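Since the model is a prediction, treat every value here as computed from it, not as a measurement.
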Amino acid sequence: MKNTTSSIQVLDRAMALVGILSRAPGPLSLTKLAGQADLHTASAHRILGALMAHGLVEKTGAGEYDLGVRWLEVGNRLRARLNIRQVAMPAMQQLAEATGETVNLIVRRGDEAVYVERVSGGQTMIQVVQVVGAHAPLHVTAVGKIFLAEDSASGVMGYAERTGLPAYTANTLTTLDSLNAELNTIRQAQLAHDREEAELGVACIGAPIRDAEGKLVAGLSISAPADRHKPGWAEALKKAAAQTGTALGYLAGA
């Protein structure tokens, strides 16, 4: 029992040292590491040596310690296992419960926005239901516009030329100038709107989801009859999208 307890204590100390290195802006000396971990220098040195043997910590030319390249392997394997639908589901369920409306997870496939997951809220009145696997042109959906806002000016122009920006309702943005003006607003707000542009009577708001590299990989949206939308949904949506991004390894502002 004593050996087991001792082993767990060493593991706790090792993870404390790894945690300190992960939060540090750069390499740290043995003295600083030991002090921040509340360890004797000799104990810290012994544990760091074991971590170095496994590639989890490395020593710089200046004799300081930093995280080792082994963490890249661990991180890459974890990211490869992450299924964005599974990662997003808890935030989607919370958002659907809070709003009572339909929450969608959407990705880009070429010139279309594709619905890959959906959670329906508890509204007993008219519900908006997007079937998983359904798709729509980027310029008529909130999340689709977020993907377009990520494109360069030439990319947006190419999309407009390829698709012709067809109208689905009288509210659809059908000119390059009107679309570009909308995309500029989206870039500033990191929030997009579909104002009955895909279907009359139905409105949508969308927010971006970014991965560990900061790449836009998906978006969350709330769809509901236009007269049921509430101002507070925007912040709740952005929070849910950010929560999903954090689970994928995205560090805002990093």
* Connected-component partners of Val140 among ILVMFWY, side-chain separation under 4.5 Å -> Tyr168
* To do: Would you check if Leu30 and Glu64 make a side-chain contact, meaning some heavy-atom pair closer than 4.5 Å?
  => no
* To do: Quick one: closest heavy-atom pair of Ile84 and Ala218, and the distance?
  => CD1-CB, 3.5 Å
* Could you tell me whether a side-chain N or O of Thr99 sits under 3.5 Å from a main-chain N or O of Leu95, the two making a donor and an acceptor? => yes
* To the nearest 0.5 angstrom, please state how far the CZ atom of Arg210 sits from the OG1 atom of Thr244. => 13.5 Å
* Return the set of residues passing side-chain contact (heavy atoms from CB on, under 4.5 Å) with Thr31 (not counting sequence neighbours), or none when no residue passes. => Ser29
* Identify the two heavy atoms, one from Ile186 and one from Ala192, that lie closest to each other, and give their separation to 0.1 Å. => CD1-CB, 3.7 Å
* Asked: Between CH2 of Trp71 and CG of Asp66, what distance do you get to the nearest 0.5 Å?
  -> 12.5 Å
* Charged N to carboxylate O under 4.0 angstrom, Glu101 versus Arg228? -> yes
* Between Arg109 and Val107, which heavy-atom pair has the shortest distance, and what is it? -> NH1-CG2, 3.5 Å
* To do: Rounded to the nearest 0.5 Å, what's the gap from CD on Gln243 to CG on Leu220? Could you check?
  => 9.5 Å
* Structure fact -> Interatomic distance, OH@Tyr159 vs NE2@His139, rounded to 0.5 Å, equals 5.0 Å
* With the side chain counted from C-beta on, respond yes when Leu39 and Leu17 share a heavy-atom pair under 4.5 Å apart, and no when they do not. => yes
* **side chain to side chain contact (heavy atoms under 4.5 Å, CB included) between Val18 and Leu67, worked out** => CA-CA 7 Å; Val18 167; Leu67 292 179; 4.1 Å; yes
* Please lay out, stage by stage, how His135 and Tyr115 fare under the test ring-ring contact (aromatic ring centres under 6.0 Å, His included). => CA-CA 6 Å; His135 48 87; Tyr115 295 80; 9.2 Å; no
* Asked: Does the pair Ile8 and Asp12 meet the rule for a side chain to side chain contact (heavy atoms under 4.5 Å, CB included), with working shown?
  -> CA-CA 6 Å; Ile8 292 173; Asp12 287 340; 3.9 Å; yes
* Asked: Out of curiosity, Ile222 CD1 to Cys204 SG, how far, rounded to the nearest 0.5 Å?
  -> 8.0 Å
* Can you measure from CD1 (Ile47) to CE (Met15) and round to the nearest 0.5 angstrom? => 12.0 Å
* Do side-chain atoms of Glu58 reach the backbone of Gly55 as a donor and acceptor pair under 3.5 angstrom? -> no
* Asked: Is Pro137 close to Thr163 at the side-chain level, that is, under 4.5 Å between some pair of heavy atoms?
  -> no
* Pairing of Arg108 and Asp151 as salt bridge, 4.0 angstrom limit -> yes
* Asked: Looking at side-chain heavy atoms only, is the closest gap between Val57 and Tyr65 below 4.5 Å?
  -> yes
* Test item: Ile209 and Leu216 side chains (from C-beta on) under 4.5 Å apart, heavy atoms -> no
* Shared ILVMFWY cluster between Ile205 and Leu200, side chains joined below 4.5 angstrom? -> no
* To do: Flag the pair Asn104 / Ser223 as yes when at least one side-chain heavy-atom distance between them is below 4.5 Å, and no otherwise.
  => yes
* Asked: Between Arg118 and Val103, is any pair of side-chain heavy atoms under 4.5 Å apart?
  -> no
* Taking C-beta and beyond as the side chain, do Glu197 and Asp194 meet within less than 4.5 Å on heavy atoms? -> yes
* **Pairs where residues 170-182 contributes a residue and the test side chain to side chain donor-acceptor pair (under 3.5 Å) is met, not counting sequence neighbours** => Lys145-Glu182, Thr175-Ser178, Glu182-Arg195
